[in-house]
Amino acid sequence: MKKLVKIRLIHWHYLSNETVEIKGNTLLTGPNASGKSTIMDAITYVLTAGDTAFNLAANEKGKRDLRGYVKCKLGMDDQEYLRNGDVSGHIELQFHDEKTDSDFIVGVVIDAFGDLTPVKTIFYKSNEPINDSMFISDEKKIYGTVDFRKHNPLFEYYLTKKEAKRGFRNAFGSINEDFYRLI
């Protein structure tokens, strides 16, 4: 069995740079607007290689989008986003394979540059555990898609959602395509 053991979120809604450790069964609880759906949306976004609607756990008519998550959309008249300018975000999920007693990661790098340019994403897989040097330079700069690939050349990168789904399915043991419709 493959178990989720760690979630790494950088520039994902209100979470600037957080690592969530998962031990055994985990229950996300808290009052409304405390971040439960934000975490679930991050997990779902990676596992479905971007084929998901956001905030469905909290509201069937969720209006969140990828740019809004990375730049942290506030919805205020005087300030649209918490993070302005060019912003890169990361979602990384670390799994432990009990059969091989090894870890692997699946994730995505997201560039939200400007307000009109389409958001750019790169999905990837690696057999390394999560560490800060994957995402952040020695100067504390968050890597965007280009620098991320330069600093992590041995990762397996997927250029399309279809490739990412296939790669992730293989990592999880050739799960059925129906899995993506269930999430």
Query raised in the report: How close do Asp115 and Tyr81 get, heavy atom to heavy atom, and via which atoms?
Result: OD1-CE1, 3.6 Å

Query raised in the report: Say you draw a straight line from NE2 of His151 to OG of Ser137; how long is it, rounded to the nearest 0.5 Å?
Result: 7.0 Å

**Report entry** Taking every non-hydrogen atom, the tightest pair across Ala112 and Val70
**Finding:** CB-CG1, 4.1 Å

Requested in this report: Begin with the C-alpha distance, continue with both residues' side-chain angles, and end with the deciding distance and a verdict on side chain to side chain contact (heavy atoms under 4.5 Å, CB included) for Thr117 and Asp111.
Outcome: CA-CA 10 Å; Thr117 306; Asp111 288 341; over 6 Å; no

Report task. Given side chain to side chain contact (heavy atoms under 4.5 Å, CB included), test Arg8 with Asp132 step by step and report yes or no. Result -> CA-CA 10 Å; Arg8 182 64 185 266; Asp132 277 353; 2.7 Å; yes

Query raised in the report: Is the shortest heavy-atom distance from the side chain of Thr38 to the side chain of Tyr14 under 4.5 Å?
Result: no

Query raised in the report: Is the number of heavy atoms from other residues, nucleotides or ligands within 6.0 Å of CG (Asn32) greater than 12?
Result: no

Requested in this report: Please name the pair of heavy atoms, one in Leu47 and one in Phe168, separated by the smallest distance, quoted to 0.1 Å.
Outcome: O-CD1, 4.4 Å

Requested in this report: Determine, for Lys73 against Asp65, whether the closest basic-nitrogen to carboxylate-oxygen distance falls under 4.0 angstrom.
Outcome: no

Query - Rounded distance [0.5 Å steps], CG in Asn17 versus CH2 in Trp12 - result: 15.0 Å

Query - Contact summary for Ala42 and Leu9, nearest pair of heavy atoms - result: CB-CD2, 3.5 Å

Query raised in the report: Taking it one step at a time, do Thr44 and Phe54 satisfy side chain to side chain contact (heavy atoms under 4.5 Å, CB included)?
Result: CA-CA 9 Å; Thr44 304; Phe54 290 125; over 6 Å; no

**Report entry** Whichever hydrophobic residues join Phe148 through chains of side-chain contacts under 4.5 Å
**Finding:** Ile10, Ile105, Val109, Ile122, Tyr124, Ile130, Met134, Phe135, Ile136, Ile142, Tyr143, Phe155, Tyr157

Query raised in the report: Are Leu4 and Phe123 connected in the hydrophobic side-chain network, where two residues link if heavy atoms are under 4.5 Å apart?
Result: yes

Requested in this report: Supply the atom-to-atom distance Ile7 CD1 to Leu15 CG, rounded to the nearest 0.5 angstrom.
Outcome: 10.5 Å

Report task. Establish whether Val46 and Val5 are linked, either directly or via other cluster members, by ILVMFWY side-chain heavy-atom contacts under 4.5 Å. Result -> no

**Report entry** Gap between atom CD of Glu98 and atom NZ of Lys2 - 0.5 Å precision
**Finding:** 10.0 Å

Query raised in the report: By salt bridge (charged side-chain N to carboxylate O under 4.0 Å, His left out), which residues pair with Lys141, not counting sequence neighbours?
Result: Asp147

**Report entry** Any side-chain heavy-atom pair of Leu93 and Ile43 under 4.5 Å
**Finding:** yes

Report summary line: For Ser88 and Gly144 the tightest heavy-atom approach is OG-CA, 3.2 Å

Query raised in the report: What's the verdict on side chain to side chain contact (heavy atoms under 4.5 Å, CB included) for Tyr69 and Val119, showing C-alpha distance, side-chain angles and the deciding distance?
Result: CA-CA 11 Å; Tyr69 260 127; Val119 175; over 6 Å; no

Query raised in the report: Going from NE2 on His11 to CG on Leu82, what distance comes out if it is rounded to the nearest 0.5 angstrom?
Result: 9.0 Å

Query raised in the report: Judged by modelled atom types alone, do His96 and Asp101 share a side-chain donor-acceptor pair under 3.5 Å?
Result: yes

Report summary line: Distance col, row Ser126:OG vs Glu92:CD, nearest 0.5 angstrom, shows 8.0 Å

**Report entry** Hphob cluster co-occupancy, Phe113 + Val146, side-chain heavy atoms under 4.5 angstrom
**Finding:** no

Query raised in the report: Closest approach of Gly30 and Lys36, non-hydrogen atoms and distance?
Result: O-NZ, 2.9 Å

**Report entry** Presence of salt bridge, Asp51 and Lys165, under 4.0 angstrom
**Finding:** yes

